[in-house]
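Down below is the structure, laid out as structure tokens.
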Amino acid sequence: MASGAASEDLLRYNSVARAFHAVIAVMVIFNVVSGIGGEAIEDIWNPFPVHKATGILILLLSLARIGWRFTWTTPEWPATMGNLQRLVAKVTHGALYVLMLVVPLTGWIMSSASKWPISMYGLFDWPKFAVVKDSPLAEAAGESHEVLGFLMAGLVVLHVAAALHHHFVIKDNILRRMF
Ligand code: HEM
Ligand code: HEM
């Protein structure tokens with residue numbers, strides 16, 4: 001029925017938000033795994049050129065996603081969600097949005113100081129900042145990229161665990177809102 005379909009729609013994120021979420025999630029998971037495990041497999045396959053290009057795409061898509069995010073409001077959470085849960089969800093989502101910008105930005109600054117190009121999947125080279133190798137800015141960007149990259153990995157694990165907990169343990173509709 002039309003009215004039933006309409007009220008069901010209200011419980012979900014809009015399709016553009018769901019598409020942004022899915023595409024960026026796959027890319028962030030790839031970058032977290034390739035960033036942490038990259039050196040270990042470098043002899044078989046060096047993932048860092050793809051890591052860098054994918055990171056730049058994450059930055060661009062996240063800017064578009066955050067712009068789009070200002071044009072709509074999220075669907076209401078179910079009444080079963082307590083105030084603490086809502087606060088933790090809001091803080092985690094906010095931190096993920098910030099890290100989706102800051103982690104690639106620090107990677108970009110760090111990689112600008114390296115001799116290797118930032119090749120966008122072999123199609124063209126991404127521009128670099130004028131950062132000098134071993135300068136305080138290059139060092140700070142490298143340190144921040146490592147610390148914030150690991151923080152992002154931890155938050156993603158927490159976020160996915162929370163989504164699965166909602167779906168399989170609490171059995172509410174939180175997961176279906178986003179997929
Ligand atoms: C959301 C996007 C990104 C995530 C989650 C991410 C995450 C990570 C993580 C966790 C590491 C391992 C840190 C370490 O052990 O030192 C890493 C390393 C690295 N990342 Fe990223 N990164 C992202 C984007 C980028 C971008 C845009 C670039 C450059 C254009 C980049 C360049 C690098 C490089 C060159 C390394 C190796 C650093 C080294 O070991 O010397 N990353 N990244
Ligand atoms: C397969 C893994 C993932 C699952 C199952 C998942 C699940 C979800 C779900 C169910 C929501 C909606 C929460 C709600 O209704 O309040 C959500 C929101 C969100 N997710 Fe994920 N997620 C995943 C991966 C990621 C990754 C890797 C990121 C990192 C960029 C991410 C960033 C976000 C953000 C920022 C929101 C908040 C959306 C908003 O309200 O504006 N997710 N996720």
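No experiment lies behind these values; they were computed from the predicted model shown. Read the numbers this way: they start at 1 and go in the same order the structure lists the ligands and their atoms.
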Of all the atoms in ligand 2, which lie at a distance below 4.0 Å from a heavy atom belonging to [X]?
{"X": "M100", "result": "30 (C)"}
{"X": "T74", "result": "40 (O)"}
{"X": "R177", "result": "14 (C), 15 (O), 16 (O)"}

Measuring from atom [atom1] of [X] to atom [atom2] of [Y], what distance do you get when rounded to the nearest 0.5 angstrom?
{"X": "E143", "Y": "T106", "atom1": "CD", "atom2": "OG1", "value": "11.0 Å"}
{"X": "R69", "Y": "T74", "atom1": "CZ", "atom2": "OG1", "value": "5.5 Å"}
{"X": "L59", "Y": "T54", "atom1": "CG", "atom2": "OG1", "value": "12.5 Å"}
{"X": "R177", "Y": "N14", "atom1": "CZ", "atom2": "CG", "value": "12.0 Å"}
{"X": "S34", "Y": "I29", "atom1": "OG", "atom2": "CD1", "value": "11.5 Å"}
{"X": "I56", "Y": "H51", "atom1": "CD1", "atom2": "NE2", "value": "10.0 Å"}

Quick one: does [X]'s side chain have a donor or acceptor within less than 3.5 Å of a partner on [Y]'s backbone?
{"X": "W108", "Y": "P127", "answer": "yes"}
{"X": "K52", "Y": "P117", "answer": "yes"}
{"X": "H166", "Y": "K171", "answer": "no"}

### For V88 against T92, the heavy-atom pair lying closest together
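Minimum heavy-atom separation between V88 and T92: O-OG1, 2.6 Å.
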### Close approach of R86 to ligand 2, heavy atoms, under 4.0 angstrom
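Contact absent.
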Tell me: protein heavy atom nearest [atom], and distance?
{"atom": "atom 38 (C) of ligand 1", "answer": "M110 CE, 4.2 Å"}
{"atom": "atom 12 (C) of ligand 2", "answer": "Y13 CE1, 3.7 Å"}
{"atom": "atom 14 (C) of ligand 1", "answer": "E146 CG, 3.7 Å"}
{"atom": "atom 39 (C) of ligand 2", "answer": "Y97 OH, 3.4 Å"}
{"atom": "atom 10 (C) of ligand 2", "answer": "I174 O, 3.3 Å"}

## Note on the structure
Check: of F30, W108, F150, min heavy-atom distance to atom 15 (O) of ligand 1 comes from F150
How about [X]: does its [atom1] atom have over 12 heavy atoms from other parts shown lying under 6.0 Å from it?
{"X": "W45", "atom1": "CH2", "answer": "yes"}
{"X": "K128", "atom1": "NZ", "answer": "yes"}
{"X": "E139", "atom1": "CD", "answer": "yes"}
{"X": "F124", "atom1": "CZ", "answer": "yes"}

Is it true that [X] and [Y] fall in one hydrophobic cluster, defined by side-chain heavy atoms closer than 4.5 Å?
{"X": "F20", "Y": "L101", "answer": "yes"}
{"X": "V26", "Y": "V50", "answer": "no"}
{"X": "V147", "Y": "L105", "answer": "no"}
{"X": "V28", "Y": "F179", "answer": "yes"}
{"X": "M100", "Y": "M178", "answer": "yes"}

As an exercise, identify every atom of ligand 1 less than 4.0 angstrom from a heavy atom of [X].
{"X": "I56", "value": "27 (C)"}
{"X": "I36", "value": "10 (C)"}
{"X": "I58", "value": "1 (C), 2 (C)"}

#### Entry: Total protein N/O/S atoms whose distance from atom 21 (Fe) of ligand 2 is less than 2.8 Å
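Every protein N, O or S atom under 2.8 Å from atom 21 (Fe) of ligand 2 counted, the figure is 2.
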### Query
Is at least one protein non-hydrogen atom found at under 4.0 angstrom from atom 41 (O) of ligand 1?
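Within 4.0 Å: no protein heavy atom nearby.
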#### Entry: Region of R65 engaging ligand 2 - heavy atom pairs below 4.0 Å
side chain
### Task
Look at ligand 1 and say whether M27 reaches it with a heavy atom at a distance under 4.0 Å.
no
### Query
Looking only at N/O atoms, are E39 and ligand 1 under 3.5 Å apart anywhere?
yes
### Query
Mind checking whether W72 has an N or O less than 3.5 Å away from an N or O of ligand 2?
no
### Query
Looking only at distance, does W77 have an N or O less than 3.5 Å from an N or O of ligand 2?
yes
### Task
Could you grab the protein N, O or S atoms closer than 2.8 Å to atom 21 (Fe) of ligand 1 for me?
H51 NE2, H145 NE2
